[in-house]
Undergrad: 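Sharing a structure with you now.
As the structure is a computational prediction, the values presented were derived from the model and not from experiment. Letters A, B, ... are given to chains in the order of the sequence lines, protein chains preceding strands, and every chain is numbered from 1.
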Number of protein chains: 2
Amino acid sequence: MINYTDTLRKHNLKATPQRIAIVDALFLNGHVSTESLYSIMLEKFSSISLATIYKNINLMLENCLIYEVKLPHAKSVYELTKSSHSHLLCKKCGNIEDVDINLETLVDKISKITEFQIDKTDFVLSGNCKNCHSF
Amino acid sequence: MINYTDTLRKHNLKATPQRIAIVDALFLNGHVSTESLYSIMLEKFSSISLATIYKNINLMLENCLIYEVKLPHAKSVYELTKSSHSHLLCKKCGNIEDVDINLETLVDKISKITEFQIDKTDFVLSGNCKNCHSF
DNA sequence: TACATAAAGAATAATCTTTATCTATTAAGT
DNA sequence: ACTTAATAGATAAAGATTATTCTTTATGTA
Ligand SMILES: [Mn+2]
Ligand SMILES: [Mn+2]
Ligand SMILES: [Zn+2]
Ligand SMILES: [Zn+2]
């Protein structure tokens with residue numbers, strides 16, 4: 001297991017075993033919901049409190065260590081902060097994939113038309129993944 | 001006030017006064033949260049139950065009369081279903097605007113690259129609106 | 001390495017938020 | 001007008017999130 005002590009400290013968070021495990025769970029699982037994270041954490045810390053999960057998710061969000069992805073017709077999932085990217089959601093199996101699309105020129109165009117100063121995008125494309133539509 | 005009886009019936013919903021008022025509130029206000037809709041409704045129906053709001057929002061969602069817009073760092077808002085469009089969110093004043101961008105070619109490209117069959121997009125662009133960055 | 005201290009974890013209560021239940025009322029078809 | 005299934009309102013229940021309290025611990029300093 002990678003040592004996430006530095007990562008946590010860089011984001012002004014004390015490196016507790018629980019937090020290190022949370023970061024590791026996100027690293028290994030990609031996009032994780034609160035309940036799902038709680039289950040994962042219970043395996044390592046049989047007496048961890050759900051409040052600890054919520055508290056840390058919020059702290060990590062505030063300190064930009066993790067990012068919340070809001071999905072249509074589903075609960076939010078959380079991931080380690082990476083460079084801005086979009087998401088593919090399979091409506092059948094629930095699979096979530098990252099996709100890197102360069103939205104710069106598109107955003108510039110919208111910015112000019114609307115006179116909005118845009119600095120962030122949340123883009124979720126829903127449908128059926130390869131496995132779910134290939135039969 | 002427009003008569004929304006037909007609109008409701010077309011979506012398999014009985015045209016009750018409360019529902020007509022909900023549709024009207026969405027038509028007049030654009031993007032509305034649950035609590036906000038509740039306040040608006042209380043003015044016309046001083047004894048309306050919050051459960052009625054939730055029940056109807058869910059029914060209208062199921063019957064595709066309204067659409068849920070999930071926003072980063074904010075509660076969901078609901079709007080009358082229109083043709084697919086994207087949203088601009090001002091981080092400063094909370095203003096939400098519709099924007100029609102043709103995402104077809106972009107979606108086609110992503111579909112080919114990822115082998116996902118995409119039939120829906122949720123695109124929210126955040127930043128500062130004209131009023132909030134022009135000074 | 002030991003100490004001091006602010007921060008964090010666990011347990012649990014409290015506070016939202018949303019849904020379920022029950023009864024009286026009503027929309028809508030006949 | 002009559003019938004009936006659906007809905008509204010009141011309220012309880014369930015679910016999700018946050019606050020509180022007390023104990024433990026990470027981390028900087030001597
Ligand atoms: Mn992602
Ligand atoms: Mn809209
Ligand atoms: Zn799938
Ligand atoms: Zn603004």
Undergrad: Starting at the 5' end of DNA chain C, which residue's closest nucleotide do you reach first, B/R9 or B/T34?
TA: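 Counting from the 5' end, the first nearest nucleotide belongs to B/T34.
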Undergrad: B/V77 and side chain to side chain contact (heavy atoms under 4.5 Å, CB included): which single residue from B/L71, B/L89, B/N29 fits?
TA: B/L71
Undergrad: Just by modelled atom types, is the A/L125 backbone N or O under 3.5 Å from a matching donor or acceptor in the B/T121 side chain?
TA: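 Such a contact is absent between B/T121 side chain and A/L125 backbone.
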Undergrad: Which residue pairs satisfy the ring-ring contact (aromatic ring centres under 6.0 Å, His included) criterion with at least one member in residues 19-51 of chain B, sequence neighbours excluded?
TA: B/H31-B/H87
Undergrad: In residues 55-76 of chain A, which residues come under 4.0 Å of DNA chain C by heavy atom?
TA: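 When residues 55-76 of chain A is checked for heavy atoms under 4.0 Å from DNA chain C, the hits, listed by number, are A/K55, A/N56.
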Undergrad: So which of residues 11-30 of chain B are in contact with DNA chain D, with a heavy-atom cut-off of under 4.0 Å?
TA: B/K14, B/T16, B/Q18, B/R19
Undergrad: Roughly how many Å is it from CG in A/D6 to C1' in D/dT27, rounded to a whole number?
TA: 14 Å
Undergrad: What base-paired stems does DNA chain D take part in, with at least 3 consecutive Watson-Crick or G-U wobble pairs and both distances under 3.5 Å?
TA: C:1-30 with D:1-30
Undergrad: What's the CG-C1' distance between B/L50 and D/dG15, to the nearest Å?
TA: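 After rounding, the reported distance stands at 15 Å.
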Undergrad: Check whether any side-chain nitrogen or oxygen of A/S49 sits under 4.0 Å from OP1 or OP2 of C/dG9, and answer yes or no.
TA: no
Undergrad: If a pair satisfies salt bridge (charged side-chain N to carboxylate O under 4.0 Å, His left out) and one of its residues is in residues 99-114 of chain B, list it, with sequence neighbours excluded.
TA: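 Qualifying pairs, neighbours excluded: none.
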Undergrad: Could you state whether B/F123 and B/F116 fall into the same hydrophobic cluster, counting links through intermediate Ile, Leu, Val, Met, Phe, Trp or Tyr residues with side-chain heavy atoms under 4.5 angstrom apart?
TA: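 Linked, B/F123 and B/F116 end up in one cluster.
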Undergrad: What pair of heavy atoms forms the shortest contact from B/H85 to B/S83, and how long is it?
TA: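 Heavy atoms only, the tightest pair is ND1-O, 2.9 Å.
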Undergrad: Filter on side chain to side chain donor-acceptor pair (under 3.5 Å), then keep only pairs touching residues 56-71 of chain B, sequence neighbours left out; what's left?
TA: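 Every side chain to side chain donor-acceptor pair (under 3.5 Å) pair that includes a residue of residues 56-71 of chain B, provided the two are not neighbours, is B/R19-B/N56, B/Y67-B/K120, B/Y67-B/D122, B/E68-B/S76.
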Undergrad: State, with a plain yes or no, whether a side-chain heavy atom of B/E79 is found less than 4.5 Å away from one of B/V32.
TA: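 Sidechains of B/V32 and B/E79: no contact.
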Undergrad: Please name the residue in the list B/I110, B/T114, B/I113 that meets the side chain to side chain contact (heavy atoms under 4.5 Å, CB included) test with A/I101.
TA: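 Among B/I110, B/T114, B/I113, the one meeting side chain to side chain contact (heavy atoms under 4.5 Å, CB included) with A/I101 is B/I110.
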Undergrad: In whole angstrom, what separates A/I53's CD1 from C/dG9's P?
TA: 9 Å
Undergrad: With the side chain of A/T52 defined as its heavy atoms from C-beta on, choose the nearest nucleotide among D/dA19, D/dA10, C/dA10.
TA: C/dA10
Undergrad: Give the rounded distance in Å between these two atoms: CD of B/E35 and P of C/dC16.
TA: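 Taking CD of B/E35 and P of C/dC16, I get 12 Å after rounding.
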Undergrad: For the pair made of OH in B/Y38 and C1' in D/dA10, what is the distance, rounded to whole Å?
TA: 11 Å
Undergrad: Where do A/I57 and A/I66 come nearest, in terms of heavy atoms and distance?
TA: O-CD1, 3.6 Å
Undergrad: Does any donor atom in the side chain of A/Q117 or A/D119 lie under 3.5 Å from an acceptor atom in the other side chain?
TA: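 Result is no, nothing qualifies.
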